Visitor: 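Structure incoming, see below.
For ligands, and for the atoms within them, numbers begin at 1 and follow the listed sequence. As the structure is a prediction and not an experimental result, all values here were calculated from the model.
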Amino acid sequence: MPETETHKTHTNSQGAPLKENPFRPSAGATPPQILGRAGVLDEFEYGLRLGSGAPGLLTIFTGARGIGKTVMLGAAHDIAREKGWAVISETATTGFMGRIGESMRGIAEELGSGPVNRKITAIAAAGFSITTQLPPERQVAWRTMGEELLKLLDDHGTGLIITVDEIHAADRGELAQLAASVQHFIQDRLPIGLVFAGLPAAVSDLLNEGVATFLRRADKIDLHAAAVREVEESFAATFSHASIKVSPGLVRQAAEATGGYPFLIQLVGYFLWREAEGNQGSLTSEAVDRAIAAANRRNVRTVIEAALAATSPKDLDFLAAMAEDDGPSLAGDIGRRIGAKTNLVANYRSRLLAAGLIESAGHGKVTFAIPGLRQHLRSQPGRP
Ligand SMILES: Nc1ncnc2c1ncn2[C@@H]1O[C@H](COP(=O)(O)OP(=O)(O)OP(=O)(O)O)[C@@H](O)[C@H]1O
Ligand SMILES: [Mg+2]
């Protein structure tokens with residue numbers, strides 16, 4: 001599409017101005033419609049009503065890259081805010097405990113003055129912004145401040161939700177500190193909730209390591225692709241509302257090309273819209289083919305290449321051996337193809353599981369966790 005297209009006013013099939021592209025193929029961006037997640041936050045919402053100690057207030061979202069974990073954290077954030085709860089959203093990079101501490105202080109300040117706030121300000125005086133784990137005396141201050149803040153929020157009939165993204169990458173020491181403090185708040189019947197998100201295998205490793213045993217009680221919600229049928233209905237509704245002309249068969253073709261995978265839903269929708277802009281609000285068969293191809297290319301560049309960049313040559317051999325199969329691969333077959341012994345194959349397997357590149361497919365089988373990965377590996381020179 002020519003560069004100048006971007007600034008032109010586009011028209012729909014009726015000659016009226018076409019709406020702006022609603023699709024959001026970007027990490028963490030809120031999509032126009034959250035598909036395939038009906039009821040997923042019900043337990044959390046119920047927990048906001050019950051308050052302290054409700055099981056839904058301890059939730060971990062897991063799932064492959066691009067499946068929509070960050071979007072679910074955002075949705076939980078919005079629901080909590082609607083119910084009047086305070087929310088702190090963090091990513092588990094080094095120093096997140098300190099940053100949560102600073103945010104707690106900020107919330108207390110926003111709530112206004114009063115004896116509790118003066119106390120919190122005094123406790124927080126030394127600050128929490130440091131780059132590693134909190135030293136012991138700051139941990140005590142963190143917890144005391146948290147208690148004061150939660151009591152204050154409890155008096156208002158609300159509480160605090162902390163969301164932490166990319167939890168699989170968390171420093172184990174910091175995570176243990178957060179878990180211990182939150183457990184302590186819950187024992188004191190204070191209104192606190194934790195919502196985490198991370199890659200599935202890495203999160204289960206983390207829970208099994210015993211850094212934060214109480215997190216094993218969390219509600220683990222494994223996110224999957226949406227139903228293609230639902231994508232088809234959503235595309236059809238979105239395009240018909242915008243008076244973009246496209247045949248039902250082409251809508252189905254586009255929906256099928258996404259496999260229900262959230263990032264691809266946004267990419268395909270986005271490029272379909274771009275095509276419609278370039279053609280007075282109509283989508284031909286060629287335009288749909290071009291949009292799907294563009295979406296797949298972008299998926300390779302943003303998701304697949306990023307995921308593979310951190311993969312060792314040995315692990316790549318393992319993946320290439322898997323790509324020889326048309327469906328799930330048997331560990332034994334992979335071992336034979338790369339000439340590795342069982343225990344070595346198990347090593348590669350667990351590393352790739354933790355990285356979110358592959359997933360278990362039952363009975364000693366594994367399959368690719370990212371759509372398009374198999375095709376991408378097959379298209380690599382020197383690879384099968
Ligand atoms: N339920 C959904 N329905 C439609 N689109 C969605 C849905 N969830 C997420 N998306 C879209 O998919 C893309 C990826 O979402 P998100 O960044 O939340 O994934 P993620 O699981 O956090 O990925 P990563 O592991 O890379 O952090 C975004 O473009 C987002 O708008
Ligand atoms: Mg994310």
Side-chain angles (χ1 to χ4, degrees), residues 20-42 44 59-79 89-93 96 163-170 195-203 206 220-239 254-255 257-274 294-296 298-311 352-359 368-373:
E20 288 298 348
N21 196 330
F23 293 98
R24 289 293 174 270
S26 176
T30 305
Q33 252 190 315
I34 296 186
L35 303 180
R37 302 290 178 252
V40 163
L41 283 169
D42 284 1
F44 173 73
T59 296
I60 306 183
F61 290 110
T62 57
R65 282 175 202 285
I67 207 74
K69 299 178 293 297
T70 303
V71 162
M72 287 318 287
L73 288 186
H77 175 126
D78 293 350
I79 291 176
S89 294
E90 266 302 332
T91 298
T93 49
F96 68 89
T163 75
V164 187
D165 204 354
E166 310 268 325
I167 195 71
H168 51 264
V195 190
F196 287 157
L199 294 170
V203 166
L206 187 147
K220 274 232 253 103
I221 302 180
D222 200 29
L223 299 172
H224 293 281
V228 169
R229 176 99 200 115
E230 207 179 324
V231 180
E232 187 181 338
E233 281 163 13
S234 169
F235 277 174
T238 307
F239 292 124
T258 70
Y261 178 73
F263 188 48
L264 272 176
I265 298 171
Q266 299 309 311
L267 281 172
V268 169
Y270 176 87
F271 285 111
L272 285 173
W273 200 279
R274 297 280 275 146
N296 285 329
R298 184 70 67 89
N299 183 52
V300 165
R301 279 218 312 277
T302 51
V303 179
I304 296 182
E305 283 175 359
L308 291 180
T311 310
L352 290 165
L353 279 170
L357 285 163
I358 64 172
E359 58 194 20
F368 293 105
I370 304 177
L373 182 52

Visitor: Is the side chain of Lys69 donor-acceptor paired with the backbone N or O of Ala64 at a distance under 3.5 Å, no angle test?
Guide: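 Looks like yes, one N/O pair under 3.5 Å.
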Visitor: On a heavy-atom basis, I'd like to know which of Gln33, Lys69, Arg37 is closest to atom 20 (P) of ligand 1.
Guide: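 Of the listed residues, Lys69 has the closest heavy atom.
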Visitor: In Å, rounded to the nearest 0.5 Å, how long is the span from CG of Asp78 to CG of Leu73?
Guide: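 Answer rounded to 0.5 Å: 11.0 Å.
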Visitor: Does the side chain of His77 pick up a donor-acceptor pair with the side chain of Thr163 at under 3.5 Å?
Guide: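 No donor-acceptor contact under 3.5 Å links the two side chains.
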Visitor: Looking at ligand 1, does Ala27 have a heavy atom less than 4.0 Å from it?
Guide: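 Heavy atoms of Ala27 do come under 4.0 Å of ligand 1.
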Visitor: Does the side chain of Ile221 reach to within under 4.5 Å of the side chain of Ile60, using non-hydrogen atoms?
Guide: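 Of all side-chain heavy-atom pairs linking Ile60 with Ile221, none is under 4.5 Å.
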Visitor: Which heavy atom of the protein is the closest neighbour of atom 2 (C) of ligand 1, given with residue, atom name and distance?
Guide: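 For this ligand atom, the closest protein heavy atom is Leu35 N, 3.5 Å.
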Visitor: Which ligand 1 atoms are under 4.0 Å away from a heavy-atom of Ile67?
Guide: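 Close to Ile67: 19 (O), 21 (O).
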Visitor: So which protein heavy atom does atom 17 (O) of ligand 1 come closest to, and at what separation?
Guide: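 Minimum-distance protein heavy atom for atom 17 (O) of ligand 1 reads Gly28 N, 2.6 Å.
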Visitor: Tell me the nearest of Ala29, Ser26, Ala75 to atom 31 (O) of ligand 1, using heavy-atom distances.
Guide: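 Going through Ala29, Ser26, Ala75 one by one, Ala29 has the nearest heavy atom to atom 31 (O) of ligand 1.
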Visitor: Please identify which of these residues, Asn299, Ile370, Ile67, meets the side chain to side chain contact (heavy atoms under 4.5 Å, CB included) condition with Phe263.
Guide: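 It is Asn299, the one option of Asn299, Ile370, Ile67 that forms the side chain to side chain contact (heavy atoms under 4.5 Å, CB included) with Phe263.
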Visitor: Who gets closest to atom 15 (O) of ligand 1 by heavy atom: Gly68, Ala306, Pro262?
Guide: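 Ranked by closest heavy atom to atom 15 (O) of ligand 1, first place is Gly68.
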Visitor: Do me a favour and list the nearest non-hydrogen protein atom to atom 26 (O) of ligand 1 with residue, atom name and distance?
Guide: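 Going by distance alone, atom 26 (O) of ligand 1 is nearest to Gly66 N, 3.6 Å.
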Visitor: Around atom 18 (O) of ligand 1, find the nearest protein heavy atom and jot down its residue, atom name and distance.
Guide: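 So the nearest neighbour among protein heavy atoms is Val71 N, 2.9 Å.
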Visitor: I'd like to know if Pro25 contacts ligand 1, where contact means a heavy-atom distance under 4.0 Å to any ligand atom.
Guide: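 Yes, Pro25 has a heavy atom closer than 4.0 Å to ligand 1.
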Visitor: Can you tell me which residue and heavy atom of the protein come closest to atom 22 (O) of ligand 1, and the distance to 0.1 Å?
Guide: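 For this ligand atom, the closest protein heavy atom is Thr70 OG1, 2.8 Å.
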Visitor: Using a 4.0 Å heavy-atom cut-off, say whether Ala64 meets ligand 1 through its side chain, its backbone, both or neither.
Guide: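 Ala64 to ligand 1: backbone contact only, side chain stays beyond 4.0 Å.
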Visitor: At what distance is the nearest protein heavy atom to atom 11 (C) of ligand 1, and which residue and atom is it?
Guide: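 Ranking protein heavy atoms by distance from atom 11 (C) of ligand 1, first comes Gln266 CG, 3.5 Å.
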Visitor: Is a donor on one side and an acceptor on the other found under 3.5 Å between the side chain of Asn21 and the backbone of Tyr270?
Guide: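 Yes; judged by distance alone, with no hydrogens or angles, the pair exists.
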Visitor: Just wondering, do Thr91 and Phe96 contact through their side chains at under 4.5 Å, heavy atoms?
Guide: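 With C-beta onward as the side chain, the pair stays apart.
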Visitor: Does the residue Gly74 have a heavy-atom contact with ligand 1, meaning some pair of atoms that are separated by less than 4.0 Å?
Guide: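 The answer is no: ligand 1 sits nowhere under 4.0 Å from a heavy atom of Gly74.
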Visitor: With heavy-atom distances below 4.5 Å as the criterion, would you say the side chains of Ile79 and Leu41 are in contact?
Guide: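 Counting from C-beta outward, Ile79 and Leu41 do come under 4.5 Å.
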Visitor: Which is closest to atom 27 (O) of ligand 1 by heavy-atom distance: Glu166, Arg24, Met72?
Guide: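 Among Glu166, Arg24, Met72, the closest heavy atom to atom 27 (O) of ligand 1 comes from Glu166.
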Visitor: If you measure from CG on Asp165 to OG on Ser89, what distance do you get to the nearest 0.5 Å?
Guide: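 If I round to the nearest 0.5 Å, the distance is 9.0 Å.
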Visitor: Any side-chain to backbone donor/acceptor pair from Arg229 onto Ala226? Under 3.5 Å, distance only.
Guide: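 Absent.
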